[in-house]
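Structure, as structure tokens:
Treat the numbers as computed from the prediction; the structure is a model and nothing was measured.
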Amino acid sequence: MQLVRQKEKFATKRRGTVCAVLAVLMAGAAASGCAAGEDGRAGGPREPVAGRPGAAAQKDAAAAEARRLKREQAARVAAARKWGLAKMPLAAPAPPAVKPRITTREGFEVEGGETLPPVFTTVPTKERIVFLTMDDGAEKDPELLRMMTELKIPYSAFLSDYVVSDDYGYFKDMQARGVTLNNHTLNHRYLPGLSKEEQRREICGEQDKLEKYFGKRPTLFRPPYGNYNGDTLRVARSCGIKAVPLWAAEAFPDHMEWREWDQDLHPGDIILTHFRGEEDWEGSMADMIRRVMKTVTDKGYAVARLEDYV
């Protein structure tokens with residue numbers, strides 16, 4: 001019995017020694033593996049090197065992206081030439097991750113307006129960008145849709161139903177091309193001269209029309225002629241309006257008009273123009289775009305999308 005116990009003791013000790021040696025070897029292998037990295041080379045994981053599948057894929061992706069950018073640039077140059085622009089429009093930077101805080105411009109306040117939609121002419125930004133907006137909807141020029149799409153110039157529309165209702169399809173096409181359709185009242189009336197209920201019919205009634213025909217109630221509203229009072233803003237807020245962008249400059253086919261004393265553009269300025277044709281001014285809508293884009297580009301600005309900032 002004593003001998004058996006000694007043998008068992010010896011066997012147990014031997015197994016313990018073997019296990020300890022194996023543990024040390026396994027620990028060393030693990031440490032070696034950690035030091036070498038997943039690819040088995042010292043210093044940890046590395047980027048794929050030339051000749052390996054990962055590097056080839058990255059190189060192919062970079063080349064494809066370069067080709068895409070080159071094609072886009074060539075298309076923009078060709079579009080600018082096609083539409084008679086002296087210079088190719090500058091590309092706007094990516095929109096901000098967080099929209100800037102918009103407040104009412106000094107001198108544009110109404111009594112008790114702290115909680116009402118802000119009224120402004122310029123978006124607070126340091127980027128050299130401006131915003132192009134078009135009012136009413138009287139002229140429905142198919143050339144405008146093609147021109148703006150091919151040039152990739154963003155713009156926002158502020159519609160009045162009394163001139164839009166004869167061709168909702170034109171503006172549905174515009175919406176499908178990425179243009180936001182906003183509120184400019186039903187009948188383009190001088191709002192401060194109306195009662196609160198009359199203003200409600202004009203503003204909220206247009207909200208209903210836009211929702212019915214275009215599937216969405218806008219959050220931006222521009223009062224006709226830029227005129228409003230406290231009732232205007234309270235009514236607008238009650239039917240979903242969040243902001244009231246006016247304008248810092250106005251574009252025509254043959255000239256620009258300015259709100260500011262220096263008669264110049266500034267970062268974040270809103271530019272107003274109208275859906276008008278040769279019956280109303282000296283030129284077409286394409287002529288107007290050529291004029292405004294010459295001014296904007298010559299001054300080193302790009303046109304950005306208003307709804308990305310407001």
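Heavy atoms only, all atoms of each residue included: V244 and P223 are closest at CG1-CD, 3.5 Å. In this structure, V110 and L233 approach most closely via the heavy-atom pair CG2-CD1, 3.8 Å. Of all heavy-atom pairs spanning I289 and M147, the tightest one is CG2-CE, 3.6 Å. Among all heavy-atom pairs drawn from I129 and P93, the shortest one is CG2-CD, 3.6 Å. P224 and L191 get closest at one heavy-atom pair: CD-CD1, 3.9 Å. Here the shortest heavy-atom pairing between I270 and P245 reads CD1-CB, 3.8 Å.
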Please output the side-chain donor-acceptor pairs of residues 131-138 that fall under 3.5 Å, not counting sequence neighbours, one pair per line with the distance.
| unit_1 | atom_1 | unit_2 | atom_2 | d |
| --- | --- | --- | --- | --- |
| T133 | OG1 | R222 | NH1 | 2.9 |
| T133 | OG1 | R222 | NH2 | 3.1 |
| T133 | OG1 | I271 | O | 2.8 |
| D135 | OD1 | R222 | NH1 | 2.8 |
| D136 | OD1 | A138 | N | 2.9 |
| D136 | OD1 | R276 | NH1 | 3.0 |
| D136 | OD2 | R276 | NH1 | 2.5 |
| D136 | OD2 | R276 | NH2 | 3.0 |

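Clustering ILVMFWY residues whenever any of their side-chain heavy atoms sit less than 4.5 angstrom apart, transitively, puts V292 in a cluster other than the one holding L272. Note on M256: it clusters hydrophobically with M285, by side-chain heavy-atom contacts below 4.5 Å among ILVMFWY residues. With hydrophobic clusters built from ILVMFWY side chains whose heavy atoms lie under 4.5 angstrom apart, V123 does not share a cluster with V130. Hydrophobic clustering, with ILVMFWY side chains joined whenever heavy atoms are under 4.5 angstrom apart, keeps I241 apart from L210. A single hydrophobic cluster is not seen to contain both Y309 and L90; linkage of ILVMFWY side chains at heavy-atom distances under 4.5 Å, directly or through other members, places them apart.
Using a 4.5 Å heavy-atom threshold, the side chains of V164 and Y213 count as separate. Side-chain contact between M288 and H274 is absent, with no heavy atoms from C-beta onward closer than 4.5 Å. Within the 4.5 Å cutoff, the side chain of E206 has no heavy atoms near those of the S160 side chain. Contact of the K99 side chain with the V310 side chain is not registered, since no non-hydrogen atoms from C-beta on lie closer than 4.5 Å. Contact check for P89 versus V303: no side-chain heavy atoms found under the 4.5 Å cut-off. Looking only at side-chain heavy atoms (C-beta outward), F252 and D287 stay at 4.5 Å or farther from each other. Residues Q175 and T180 have side chains not in contact (no heavy-atom distance under 4.5 Å, counting atoms from C-beta outward). By the 4.5 Å heavy-atom criterion applied to side chains, C239 and I203 are counted as neighbours.
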E250 and T273: CA distance, side-chain angles, deciding distance, side-chain contact (heavy atoms from CB on, under 4.5 Å) verdict: CA-CA 6 Å; E250 185 170 358; T273 191; 5.6 Å; no

Does L220 form a side-chain contact (heavy atoms from CB on, under 4.5 Å) with L306? I'd like the steps, not just the answer. CA-CA 10 Å; L220 302 185; L306 181 62; 4.0 Å; yes

Go through the steps to decide whether Y170 and L145 satisfy the test side-chain contact (heavy atoms from CB on, under 4.5 Å), and finish with yes or no. CA-CA 9 Å; Y170 177 83; L145 300 182; 3.6 Å; yes

Take K87 and K294 through the test side-chain contact (heavy atoms from CB on, under 4.5 Å) and record every step on the way to the result. CA-CA 7 Å; K87 298 179 182 179; K294 174 175 172 53; over 6 Å; no

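The existence of a salt bridge linking D208 and R217 is confirmed by a sub-4.0 Å separation between a basic side-chain nitrogen and an acidic carboxylate oxygen.
Interatomic distance, CZ of R128 versus NE2 of H266, reported as 10.0 Å (0.5 Å rounding). Taking OG1 of T185 as the start and CD of Q207 as the end, the distance is 11.0 Å to the nearest 0.5 Å. Considering CZ of R290 and CG of L85, their distance stands at 7.5 Å, rounded to 0.5 Å. If you take CG on D141 and CD on E278, they are separated by 9.0 Å, rounding to the nearest 0.5 Å. Distance NZ/K140 to CE/M174: 10.0 Å, rounded to 0.5 Å. Once rounded to the nearest 0.5 Å, the distance linking CG of L159 with CG of N183 reads 9.0 Å.
No donor-acceptor distance shorter than 3.5 angstrom exists from the side chain of N187 to the backbone of R189, with no hydrogens or angles considered. Although no hydrogens or angles enter the test, the distance criterion places no donor-acceptor pair under 3.5 Å between the side chain of E211 and the main chain of K209. Side-chain atoms of E198 come within 3.5 Å of backbone N or O of S195 as a donor-acceptor pair.
Residues satisfying the side chain to side chain donor-acceptor pair (under 3.5 Å) test with D254, not counting sequence neighbours, are none. Under the salt bridge (charged side-chain N to carboxylate O under 4.0 Å, His left out) criterion, D173 pairs with R177, not counting sequence neighbours. A search for side chain to side chain donor-acceptor pair (under 3.5 Å) contacts involving T297 returns nothing, not counting sequence neighbours. Remark: T122 pairs with D269 by the side chain to side chain donor-acceptor pair (under 3.5 Å) rule, at least two apart or across chains. Considering only residues two or more places apart in sequence or on other chains, F171 meets the ring-ring contact (aromatic ring centres under 6.0 Å, His included) condition with F275. Remark: R105 engages E260 in a salt bridge (charged side-chain N to carboxylate O under 4.0 Å, His left out) (not counting sequence neighbours). Take E150 and apply the side chain to side chain donor-acceptor pair (under 3.5 Å) test, not counting sequence neighbours, and it matches K82, W83. Under the rule for a salt bridge (charged side-chain N to carboxylate O under 4.0 Å, His left out), the partners of E65 that lie at least two apart in sequence or sit in another chain are R68.
Residue pairs meeting the ring pair (Phe, Tyr, Trp, His ring centres under 6.0 Å) criterion with at least one member in residues 139-162: none, sequence neighbours excluded. Residue pairs meeting the ring pair (Phe, Tyr, Trp, His ring centres under 6.0 Å) criterion with at least one member in residues 221-242, sequence neighbours excluded: H188-Y225. Residue pairs satisfying the side chain to side chain donor-acceptor pair (under 3.5 Å) criterion with at least one member in residues 233-248, sequence neighbours excluded, are listed as follows: T115-R237, R200-S238.
Judged by distance alone, the side chains of T232 and Q199 do bring a donor and an acceptor atom under 3.5 Å apart. For the 3.5 Å distance criterion, the side chains of E307 and S156 qualify, holding a donor opposite an acceptor.
For NZ of K216, the number of neighbouring non-hydrogen atoms (other residues, nucleotides, ligands) closer than 6.0 Å is 12 at most.
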